[in-house]
J.: 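The structure that follows is given in the form of structure tokens.
Numbering of residues begins at 1 and proceeds along the displayed sequence. The structure presented is a predicted model; accordingly, all values stated were derived computationally and were not measured. All ligand and atom numbering here is 1-based and tracks the order in the structure.
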Amino acid sequence: MIAIGSDHGGYALKQEVIKHLEKKGIEYQDFGCYNEDSCDYPVYAKLVTKEITEGNCEKGILICGTGIGISIAANKVPGIRAALCTDCFCAEATRQHNDANVLCLGGRVVGAGLALKIVDTFLDTPFSNDERHMRRICLIEQ
Ligand code: RB5
């Protein structure tokens with residue numbers, strides 16, 4: 001189960017991502033926002049990351065205008081490794097090396113075509129399980 005959320009700046013791209021997940025038969029839960037009225041990205045970062053830390057969802061996708069604010073907010077939560085990605089190389093590397101559990105996107109930065117490829121790459125790439133990467137991830141939480 002994927003938890004997804006956005007503020008107004010990410011709303012339009014979130015709708016594209018949702019359509020894409022539905023087409024692929026990937027289960028998701030949308031934690032808002034539900035229209036383009038101005039709202040506060042930390043609210044949605046908190047809702048989505050809570051689902052992950054409580055074990056209800058395995059990964060999350062968070063979208064704001066730049067992807068920056070919502071990734072800063074998400075990374076305040078212990079156990080969350082949120083990666084702002086603007087290309088597929090980073091999406092693949094952050095899964096392999098960082099075991100990132102949240103993908104952040106900028107709705108005003110990347111077009112839908114690229115964003116959906118980034119989503120696929122993020123969701124399809126497993127963590128490497130390499131000892132050095134596990135060690136570094138553990139160091140983040142200390
Ligand atoms: C909203 O205008 C914008 O500030 C927000 O979506 C995001 O880009 C913040 O980092």
Side-chain angles (χ1 to χ4, degrees), residues 1-128 130 132-142:
M1 175 73 75
I2 305 298
I4 186 163
S6 75
D7 73 353
H8 55 291
Y11 178 77
L13 180 57
K14 186 177 68 175
Q15 299 315 111
E16 296 297 323
V17 173
I18 284 174
K19 259 194 269 167
H20 184 68
L21 295 178
E22 282 175 356
K23 224 183 277 173
K24 295 189 75 169
I26 296 172
E27 286 197 316
Y28 69 91
Q29 237 185 306
D30 181 7
F31 290 89
C33 62
Y34 301 111
N35 57 48
E36 287 189 313
D37 294 349
S38 182
C39 59
D40 302 327
Y41 57 81
V43 170
Y44 305 99
K46 282 182 188 162
L47 288 171
V48 163
T49 55
K50 186 166 180 274
E51 290 304 303
I52 297 166
T53 56
E54 288 184 353
N56 303 322
C57 292
E58 89 194 57
K59 289 194 187 90
I61 300 175
L62 284 169
I63 314 174
C64 67
T66 58
I68 296 171
I70 213 154
S71 61
I72 291 171
N75 277 315
K76 291 280 179 200
V77 179
I80 293 299
R81 293 175 301 281
L84 171 56
C85 294
T86 53
D87 59 70
C88 294
F89 176 83
C90 287
E92 183 179 54
T94 198
R95 287 290 310 128
Q96 291 173 335
H97 294 207
N98 315 125
D99 196 15
N101 47 15
V102 176
L103 169 67
C104 297
L105 295 166
R108 297 171 183 159
V109 180
V110 288
L114 175 57
L116 300 183
K117 289 268 179 211
I118 292 171
V119 167
D120 286 345
T121 305
F122 185 83
L123 296 181
D124 293 345
T125 305
F127 177 50
S128 66
D130 284 351
R132 69 185 191 287
H133 294 311
M134 290 202 261
R135 183 180 69 241
R136 290 163 191 164
I137 290 166
C138 286
L139 285 168
I140 295 172
E141 297 288 340
Q142 286 172 17

J.: Take a 6.0 Å sphere around CZ of Phe89 and say whether it holds more than 12 heavy atoms from other residues, nucleotides or ligands.
T.: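 Result for CZ/Phe89: open.
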
J.: Would atom 4 (O) of ligand 1 count as contacted, meaning some protein heavy atom under 4.0 Å?
T.: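 No, there is no protein heavy atom closer to it than 4.0 Å.
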
J.: Of all the non-hydrogen atoms in the protein, which one sits nearest to atom 10 (O) of ligand 1, and at what distance?
T.: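 Checking every protein heavy atom, the shortest distance to atom 10 (O) of ligand 1 gives Gly69 N, 2.9 Å.
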
J.: Looking only at side-chain N and O atoms, does Asp120 offer a donor or acceptor that is under 3.5 Å from a partner on His20?
T.: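 Distance-only check passes for His20 and Asp120.
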
J.: Ignoring angles and geometry beyond distance, decide whether Gly65 reaches within less than 3.5 Å of ligand 1 through its nitrogen or oxygen atoms.
T.: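 Between Gly65 and ligand 1, an N or O pair is found under 3.5 Å apart.
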
J.: Does atom CG of Asp40 have more than 12 heavy-atom neighbours, drawn from other residues, nucleotides or ligands, at distances under 6.0 Å?
T.: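 It does not: Asp40 CG has 12 such atoms or fewer within range.
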
J.: If the cut-off is 4.0 Å to any non-hydrogen atom of Arg108, which atoms of ligand 1 fall inside it?
T.: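 Those of ligand 1 that fall under 4.0 Å from Arg108 are 1 (C), 2 (O), 3 (C).
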
J.: Which of the numbered atoms in ligand 1 are below 4.0 angstrom from a heavy atom of Tyr41?
T.: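 Matching atoms, with element in brackets: 9 (C).
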
J.: Please state which part of Thr66 comes within less than 4.0 Å of ligand 1, counting heavy atoms only: side chain, backbone, both or neither.
T.: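 Both of them.
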
J.: Under a 4.0 Å threshold between the charged nitrogen and the carboxylate oxygen, would Glu22 count as salt-bridged to Lys19?
T.: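 Glu22 and Lys19: not salt-bridged.
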
J.: Do Cys85 and Thr94 touch side chain to side chain, with heavy atoms closer than 4.5 Å?
T.: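 Cys85 reaches Thr94 side chain to side chain.
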
J.: Would Gly67 count as a polar contact of ligand 1, with the cut-off being nitrogen or oxygen pairs under 3.5 Å?
T.: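 By distance alone, the answer is no.
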
J.: Starting from atom 7 (C) of ligand 1, which protein heavy atom do you reach first, and at what distance in Å?
T.: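 Protein heavy atom with the smallest distance to atom 7 (C) of ligand 1: Cys64 SG, 3.4 Å.
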
J.: Are Tyr41 and Leu62 close enough that some pair of their side-chain heavy atoms sits under 4.5 Å apart?
T.: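 Of all side-chain heavy-atom pairs linking Leu62 with Tyr41, none is under 4.5 Å.
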
J.: Flag yes if more than 12 heavy atoms outside Glu27 fall under 6.0 Å of its CD atom; otherwise flag no.
T.: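 Counting neighbours around CD of Glu27, 12 or fewer heavy atoms of other residues, nucleotides or ligands fall under 6.0 Å, so no.
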
J.: State the atoms of ligand 1, each with its element, that fall below the 4.0 Å cut-off from a heavy-atom position in His8.
T.: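 Once the distances to His8 are compared, the set is 1 (C), 2 (O).
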
